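Okay, structure first, notes after.
On a predicted model such as this, the values are computed, not experimentally measured, just so you know. A, B, ... follow the sequence lines: proteins, then strands. Residue 1 opens every chain.
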Number of protein chains: 2
Amino acid sequence: MPVDKGVTLDPARTREQILQVATEVLYEQGLDGVGVAGLCARAGVSKETLYRHFGSKEGLVRATLEARSDRVTRWLREAAAAAGPEPADQLGAVFDALAGWYAEPGFRGCAIVNAAVQHHEGAAREVAARHMDRHLELLSGIAARAGAAEPGVLARQILVLMEGAAVVADLHGVDGTGRQVREAALALLRASAAGGRGPEAGSARKTATAR
Amino acid sequence: MPVDKGVTLDPARTREQILQVATEVLYEQGLDGVGVAGLCARAGVSKETLYRHFGSKEGLVRATLEARSDRVTRWLREAAAAAGPEPADQLGAVFDALAGWYAEPGFRGCAIVNAAVQHHEGAAREVAARHMDRHLELLSGIAARAGAAEPGVLARQILVLMEGAAVVADLHGVDGTGRQVREAALALLRASAAGGRGPEAGSARKTATAR
DNA sequence: AGGACATCGAACCGATCGGTACCATCGGAC
DNA sequence: GTCCGATGGTACCGATCGGTTCGATGTCCT
């Protein structure tokens, strides 16, 4: 009886069920677009159960976004790792993965960014800041291995491309966005790796690492 | 009596007052973060007046965002025009202007994008799509004058940088974001203007114009 | 003076919000 | 069989939501 207790009446299972439904609904409807009652109805649980597991709607939002941040981070790391040792290949693989995501039906931008932008205080913004830190870790590694003069700066420029791509693909249309942004990221990587001395001086100046 | 009727009791004045307050409040609190009653209180008008002018909260949101889109578009066009004839200077001036905006106290990202992301239907998304079209117009002109192989593609890549920069500056911190993104945009411009044949093939492939 | 128009303030509407309390029920451990 | 923890269902709370209506007040134009 260490693990795998009964099939039904499993608190962990219930929690997962709520989280899964909340992930879908909060993404589709927005943080304020659905009430706790509606959430419970779609998850097939009672309000009391939801509040026992998450304490408040805010708690549910935090747990949902943190789980999502974990999944996305893992997903991108694996995409990069599977692309072999070349930094440019890894970066290309990351943006290939993102491009596939943008093209999925029901894509509405980055759930974490969307949530963070709806309330300027609360859990969502903290999760979003941490989420971007994680992206930066991955990108700085790639930038450093590519020999970028300023890996931190290049990583941040590519992060801007990632976040911007989600917004543009969502609000302005997906067509070509994935490929175009992939090429832009690779161009920045090339320009930075080509050395501080390009045909016209380096592409990135010395700036703070920020945040 | 053709124009400039009385000083007080001027419907156009009242409308402007409501719009101005709505611009601030909807940006600070979010679309769902404030009720019509609160809006009226801050604007010093009655609900009846607001509804007579805008018909509904949605109508107020649309009018507010459209006015904002007009102002931002004009602002960026003037920044570019004031920078002289060189495309690279114009692009640099646009991103300088944006960098200044990110650093302003109370900056919370692009109001139009933020609004559009909160509801997946409604006026905000239409305004946002049109807003980006206007940005694209400006950027394509610069790209074309710079001799970019594919001005439309380059413009879209730079648009992604613009929108991403606002998100990152808002959620991850402003430090350096403005300069870094400015340099990234200029690097893309250089890479694209250097000719389709770089050291490693062009930076942008043939893709649909999107949307 | 008079009428048309604009506005305020407040009451009011039904619906929904996040959150709590209570109780019957049911599965699993012993 | 017996008890306990997890649960569903439901009613309920005060607050707020977007939107409507009405009457009193005031300003303009003629």
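The CG atom of Asp32(B) sits 8 Å away from the P atom of dG18(D) (whole-angstrom rounding). For the pair His53(B) NE2 and dT7(C) C1', the computed distance is 9 Å after rounding to whole Å. For the pair Asp10(B) CG and dC8(C) P, the interatomic distance rounds to 13 Å; values are reported in whole Å. Distance, Arg15(B) CZ to dA6(C) P: 14 Å, rounded to whole Å. Counting to the nearest Å, the C1' atom of dG19(D) and the CG atom of Leu60(B) are 14 Å from each other. Distance CG (Leu31(B)) to C1' (dC17(D)): 14 Å, rounded to an integer number of Å. Distance Arg13(A) CZ to dG28(C) C1': 15 Å, rounded to the nearest Å. In this structure, Leu39(B) places its CG atom 14 Å from P of dC8(C), rounding to the nearest Å.
Note on Arg156(A) versus Glu150(A): no salt bridge recorded, every NZ/NE/NH1/NH2 to OD/OE distance being 4.0 Å or above.
In the model, His172(A) has a side-chain atom that pairs as donor or acceptor with a side-chain atom of Asp133(B) under 3.5 Å. A donor atom on one side chain and an acceptor atom on the other are found under 3.5 Å apart for Ser69(B) and Arg134(B). No side-chain donor from either of Gln20(A) and Glu16(A) sits under 3.5 Å from a side-chain acceptor of the other.
Distances were taken from every side-chain heavy atom of Lys57(A) (C-beta onward) to each of dT7(D), dC8(C), dG18(C); the shortest belongs to dG18(C). The nucleotide whose nearest atom lies closest to any side-chain atom of Arg52(B) is, among dT7(C), dG8(D), dG19(D), dT7(C). The nucleotide whose nearest atom lies closest to any side-chain atom of Thr49(B) is, among dA6(D), dC8(C), dT20(C), dC8(C). Relative to the side chain of Pro11(A), the nucleotides dG8(D), dA6(D), dT7(C) differ in distance, and dA6(D) lies closest.
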For nucleotides 21-23 of chain C, which of its nitrogen or oxygen atoms have a protein nitrogen or oxygen under 3.5 Å away, and what is each distance?
residue : atom : partner  : partner atom : Å
dC22(C) : N4   : Glu48(A) : OE1          : 2.1

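Contact annotation: Thr14(B) reaches the phosphate of dT7(C) (side-chain N/O to OP1 or OP2, under 4.0 Å).
The salt bridge (charged side-chain N to carboxylate O under 4.0 Å, His left out) test applied to Glu58(B) returns no partner, not counting sequence neighbours.
Environment of CZ in Arg130(B): sparse, with no more than 12 heavy atoms of neighbouring residues, nucleotides or ligands closer than 6.0 Å.
Within the structure, salt bridge (Lys or Arg N to Asp or Glu O under 4.0 Å) contacts touching residues 110-126 of chain A (residues at least two apart or in different chains) are Arg62(A)-Glu126(A), Arg125(A)-Asp170(B).
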